[in-house]
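Just below is one structure, and these are the notes that go with it.
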Amino acid sequence: MSAPATKTDHDVVIVGAGPIGAAMALALRDTGLRIALLDSQPLLENPQPLAGADFDPRVSAITPGSQALFEALGVWSAMQQSRVSPYTHMHVREADGTANINFCAADIHATALGHIVENRVIVAAMHEQLRQQPRLDCLMPASVVALDNSPDAAVLTLQSGRQLSARLVIAADGAQSPVRHLAGFNTREWDYEHEAIVCSVRTEKHHQQCARQIFMDQGVLAFLPLAAQGDEAGHWCSIVWSVMPTTAQPLMTMDDKDFCKALSLASEHWLGEVTQSSKRFSFSLRQRHALEYVNNRVVLIGDAAHSIHPLAGQGANLGLADVQALSGELALIGSTGRDPADPILLARYQRRRKPHNMSMMLLMEGFKRLYAGQPLPIRWFRNTGMRAVEHSPLIKNQLIRAAMGTHV
Ligand SMILES: Cc1cc2nc3c(=O)[nH]c(=O)nc-3n(C[C@H](O)[C@H](O)[C@H](O)COP(=O)(O)OP(=O)(O)OC[C@H]3O[C@@H](n4cnc5c(N)ncnc54)[C@H](O)[C@@H]3O)c2cc1C
């Protein structure tokens, strides 16, 4: 595609300044491209060292691969100063204790398998870095309400009535992606018929920097270690409890005391009694994948392209890998004047990311089917599989490296 005849305000407009869109803007800051970033929410305040037990309910298990990108973007140290929680172990087990797998950072000579980081810590560190980029046009808050995706230029209309033209629009506006809808992308969607309940909880026993997951016939329960201070240190976890809607409804409405009791029981007192719970949030679990990532002058990244079951803990990591792939392609263009919506370039991005994202989603679908099954042969198969992995250091190490985003 040759450069459009129409004069545009920007080479690239990124819609969405969540973890993925903000990372994209920072990754493109030195390319010489004229970039604008917009979000319906304002820029977050400076990251502060956080001390209390007031945790963001949405957290990400950041792999060393994603951490390396944060370091390159200059935001990792601000996250560390604010609050991150390394995990050195990962324990996965069947509810009735018939099988388990244990991963340990020391087995692969690493200091940690990853870090649990609250989304607001990620975003605040990125927004602080964005404030220091005079060449980046940050339009926040500003909501996109309409899009004209024509061959010459993409024109975005904001709620204020203002129009912005760009040679390329990068949609990083999350799982519901208004831009994806406006540009007419098709998606393939799977409904899990499950709700995820998320909150932070205090547990009697110390979490020992271990991420725990229990697979039950009715769903999955994850305890992700959080960093608290003083006497509370080691006693707070972020939980994701995926259950059927009929089970979620009473769990959401019961009082904190009963919820803590139900959670202690479901976790088989793995961390002793659950003694305190923050406000609970719930949402329907839906896996969604865009059939194509590129449509004319619009390209999808992050949750706008793929939203995946949180069981994998891979959502943000997959999005950050999209950022690496697409920013790598766009960096080749820089200030050469070549069109950033060049179909060859965008097709290369899609080829690099779609099969990988797809395979992760299929893996999650396989897990879901395996664990939705009650029949004995299925139980036997998954228990045997889990034990086989536990007793095979080679497979285990490969799995750890893949989960850490350091697999080659
Ligand atoms: C319960 C839960 C647990 C998770 N756990 C993990 C985990 O352990 N590890 C992991 O890697 N991932 C995890 N994820 C997934 C991870 O949070 C997401 O993959 C990640 O936040 C996606 O980032 P994003 O920037 O693509 O989208 P979002 O974070 O949704 O950001 C989208 C941005 O777009 C903006 N926006 C939307 N519409 C408009 C509009 N019209 N105009 C302008 N701006 C707009 C929004 O304001 C928002 O800032 C989890 C998700 C959930 C829900």
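Just so it is clear, the structure is predicted and the values come from calculations on it, not from any experiment. Start at 1 and go down the list; that is how both ligands and their atoms are numbered.
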Hey, which atoms in ligand 1 end up nearer than 4.0 Å to a heavy atom of [X]?
X: G315; result: 10 (C), 11 (O), 12 (N), 15 (C), 19 (O)
X: I20; result: 23 (O), 24 (P), 25 (O), 26 (O)
X: V198; result: 1 (C)
X: P19; result: 21 (O), 23 (O), 25 (O), 29 (O)
X: G16; result: 33 (C), 34 (O), 35 (C)
X: A61; result: 7 (C), 8 (O), 9 (N)
X: N119; result: 17 (O), 21 (O)
X: Q41; result: 47 (O)

Is the closest heavy atom of [X] to ligand 1 under 4.0 Å?
X: G319; answer: no
X: A196; answer: no
X: F283; answer: yes
X: A142; answer: yes

* If you draw the axis of the six-membered ring of W270, does the NZ or CZ of R212 fall within 45° of it and under 6.0 Å from the ring centre? ->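 Output yes; distance and angle both within limits.
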* May I ask you to establish whether R353 and Y293 are in a cation-pi arrangement, using a distance under 6.0 Å from NZ or CZ to the six-membered ring centre and at most 45° from the ring axis? => no
Ignoring angles and geometry beyond distance, decide whether [X] reaches within less than 3.5 Å of ligand 1 through its nitrogen or oxygen atoms.
X: A17; answer: no
X: V144; answer: yes
X: S143; answer: no
X: A316; answer: yes
X: L38; answer: no

Tell me which one of [options] gets a heavy atom nearest to [atom].
atom: atom 38 (N) of ligand 1; options: P178, P57, S282; result: P178
atom: atom 31 (O) of ligand 1; options: G18, S238, S40; result: G18
atom: atom 33 (C) of ligand 1; options: L156, D39, I116; result: D39

Least distance between heavy atoms, [X] atom then [Y] atom:
X: H206; Y: H235; answer: N-CE1, 3.8 Å
X: A171; Y: V179; answer: CB-CG1, 3.6 Å
X: M126; Y: V75; answer: CA-CG1, 4.0 Å
X: G21; Y: L37; answer: O-CD1, 4.0 Å

Tell me which part of [X] gets within contact of ligand 1: side chain, backbone, both or neither, using heavy atoms under 4.0 Å.
X: V59; answer: backbone
X: A172; answer: backbone
X: Q176; answer: neither

Side chains of [X] and [Y]: donor-acceptor distance under 3.5 Å anywhere?
X: Q209; Y: T88; answer: no
X: E273; Y: T275; answer: no
X: H10; Y: D137; answer: yes

* Salt-bridged, R180 to D173, with N to O below 4.0 Å? -> no
* Do NZ/NE/NH1/NH2 and the carboxylate oxygens of R58 and E118 come within less than 4.0 Å? -> no
* Report yes or no: does R34 contribute a side-chain atom to a donor-acceptor pair with the main-chain N or O of T8 at less than 3.5 Å? =>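 Here the side-chain-to-backbone pair exists.
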* H181 side chain vs Q176 backbone, donor-acceptor pair below 3.5 Å -> yes
* D322 versus H306: any side-chain heavy-atom pair under 4.5 Å? ->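 Yes. Closest side-chain heavy atoms under 4.5 Å.
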